[in-house]
Amino acid sequence: MNWTDWPGTIPEAEAMQERLATQVITTGAVSADTALVAGVDVSYADEDRLAAAVVLLDTGTLELVESAVVTGRASFPYRPGLFAFRELPSIVEALATLSGTPGLIVCDGHGLAHPRRFGLACHLGLITGIPAMGVAKNVFTGEFEEPGPHRGATSPLLDGGEEIGWVLRTQDGVKPVFVSAGHLIGLDNACEWALRLTPRYRLPETTRQADHLSRQVLARG
DNA sequence: GCGACAG
DNA sequence: ATCTTGTCGC
């Protein structure tokens, strides 16, 4: 990856998102036979210390196959809509150390469901060329109706009449998650994967395992 | 101007 | 994201 064009200011970062958003492909399906699925999460401590974790899970058993963690320091200020610029360098570095290649990357955050239609999942998918999707715990942009109470219920996430994601109930009676396409995958297929990855808990196993790992490493310094 | 605002 | 006790419920 070439980081020489990496933005150093907020206007530059926003301009980059608007430019790259035109290259995103929000259609496609990741084969159910795909062997490996990746999960990505980043934890923070004081003074911008961070730990970016990437896990590779067996799609059949959802068990950990391989993982990598990169610790570093956030080089970009947090700003809603731009947090990908804080995390991407470390995430990409961690991904590069893995020996296996996932058929899908699941991000902790949004993809298309972003003010400029270019959330972390879009950016990571574009950088890696690997299908990527977003599963976020909270809405960022758009309006929605509460989906039905049971696992599998969905409702559209709309922004000015445009469908930018689906609100998905991953377990009976729990708060729904927000699924959106990142790159090289359609929304319907992304939701199928989200359900496949949540046999027991609200959040995908990919996100849970990456989260645990990043926290664990951060705690040890 | 005021409030909202992924992680 | 992170700071944080107890508490209700399976």
Side-chain angles (χ1 to χ4, degrees), chain A residues 7 10 13-14 16-18 20-21 24 26 38-55 69-92 94 105-126 132-144 149-151 157-160 164-168 170-183 187 190 194 199-204 206-221:
Chain A
I10 287 167
E14 291 176 341
M16 174 177 271
Q17 289 184 329
E18 287 171 1
L20 294 179
V24 166
T26 56
V40 173
D41 192 38
V42 180
S43 293
Y44 292 89
D46 48 85
E47 296 307 312
D48 285 337
R49 278 198 322 123
L50 64 76
V54 179
V55 296
V69 184
V70 165
T71 58
R73 213 162 276 281
S75 54
F76 202 89
Y78 171 73
R79 196 156 186 296
L82 298 179
F83 91 76
F85 293 96
R86 282 167 76 78
E87 312 194 337
L88 274 173
S90 299
I91 290 171
V92 171
I105 301 173
V106 180
C107 295
D108 183 30
H110 297 284
L112 209 63
H114 174 280
R116 287 170 291 280
R117 306 292 181 264
F118 198 71
L120 173 65
C122 299
H123 208 149
L124 185 55
L126 214 50
M133 56 177 274
V135 177
K137 297 181 286 296
N138 297 100
V139 66
F140 185 22
T141 296
E143 312 85 44
F144 64 96
H150 296 300
R151 166 174 160 84
L157 177 60
L158 304 171
D159 194 6
I164 57 176
W166 281 353
V167 188
L168 172 68
T170 54
Q171 299 296 331
D172 289 1
V174 302
K175 176 182 174 177
V177 298
F178 301 83
V179 179
S180 59
H183 186 50
L187 182 53
R200 170 96 174 102
Y201 299 102
R202 177 190 176 225
L203 297 180
T206 39
T207 299
R208 298 184 71 249
Q209 296 194 34
D211 179 67
H212 287 158
L213 182 58
S214 64
R215 285 177 197 267
Q216 179 180 309
V217 170
L218 200 56
R220 294 178 189 157

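In what follows, every chain begins at residue 1, and chains take the letters A, B, ... in the order their sequences are listed.
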Any base atoms under 4.0 Å from [X], or only sugar-phosphate, or nothing? Heavy atoms, all strands.
X       : value
A:Gly81 : base
A:Phe83 : base
A:Ser43 : sugar-phosphate
A:Ile91 : nothing
A:Leu50 : nothing

Contact boundaries on DNA chain C for chain A, cut-off under 4.0 Å to non-hydrogen atoms: C:dA1 to C:dT2
Minimal non-hydrogen separation, A:Gly39 against A:Thr206, with atom names: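 Residues A:Gly39 and A:Thr206, closest heavy atoms: CA-CB, 3.5 Å.
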Take atom [atom1] of [X] and atom [atom2] of [N], then tell me their distance rounded to the nearest Å.
X        : N     : atom1 : atom2 : answer
A:Glu143 : B:dC5 : CD    : C1'   : 14 Å
A:Phe144 : B:dA6 : CZ    : P     : 13 Å
A:Glu87  : B:dG7 : CD    : P     : 10 Å
A:Tyr78  : B:dA4 : OH    : C1'   : 11 Å
A:Phe118 : B:dA6 : CZ    : C1'   : 15 Å
A:Phe140 : B:dA4 : CZ    : P     : 15 Å
A:Leu88  : B:dG7 : CG    : C1'   : 12 Å
A:Arg49  : B:dG7 : CZ    : C1'   : 17 Å

side-chain hydrogen bond (donor to acceptor under 3.5 Å, both in side chains) evaluation trace for A:Gln171 with A:Arg202: CA-CA 6 Å; A:Gln171 299 296 331; A:Arg202 177 190 176 225; over 6 Å; no
Would [X] and [Y] pass as an ion pair if we require N to O under 4.0 Å?
X        : Y        : result
A:Asp41  : A:Arg215 : no
A:Glu18  : A:Arg117 : no
A:Asp108 : A:Lys137 : yes

Parallel, tilted or perpendicular, as decided by the 30° and 60° cut-offs, for the rings of A:His123 and A:Phe85: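 The rings of A:Phe85 and A:His123 stand perpendicular, inter-plane angle above 60°.
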Geometric cation-pi criterion A:Arg49 and A:Tyr44, 6.0 Å radius, 45° cone: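 Cation-pi check for A:Arg49 and A:Tyr44: fails.
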B:dA6 pyrimidine/purine six-ring stacking with A:Phe178, under 5.5 Å and 30°: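 Aromatic stack with B:dA6 absent for A:Phe178.
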Within 6.0 Å of CZ in A:Arg200, more than 12 heavy atoms from elsewhere: no
State, with a plain yes or no, whether a side-chain heavy atom of [X] is found less than 4.5 Å away from one of [Y].
X        : Y        : answer
A:Arg116 : A:Leu82  : yes
A:Phe118 : A:Leu20  : yes
A:Leu124 : A:Cys107 : yes

Below 4.0 Å: OP1/OP2 of B:dG7 and any side-chain N or O of A:Asn138: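 Yes, A:Asn138 has a side-chain N/O under 4.0 Å of OP1/OP2 on B:dG7.
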OP1 or OP2 of B:dA6 under 4.0 Å from side-chain N/O of A:Lys137: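 So the side-chain polar atoms of A:Lys137 never come under 4.0 Å of the phosphate oxygens OP1 or OP2 of B:dA6.
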Centroid separation A:Phe144 to A:Phe178 less than 6.0 Å: yes
Pairing stems for DNA chain B [at least three consecutive pairs; Watson-Crick or G-U; under 3.5 angstrom]: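 Stems for DNA chain B, defined as runs of 3 or more consecutive pairs: none.
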Which nucleotides of DNA chain C pair, in dot-bracket form (Watson-Crick or G-U under 3.5 Å, | meaning another strand): ..........
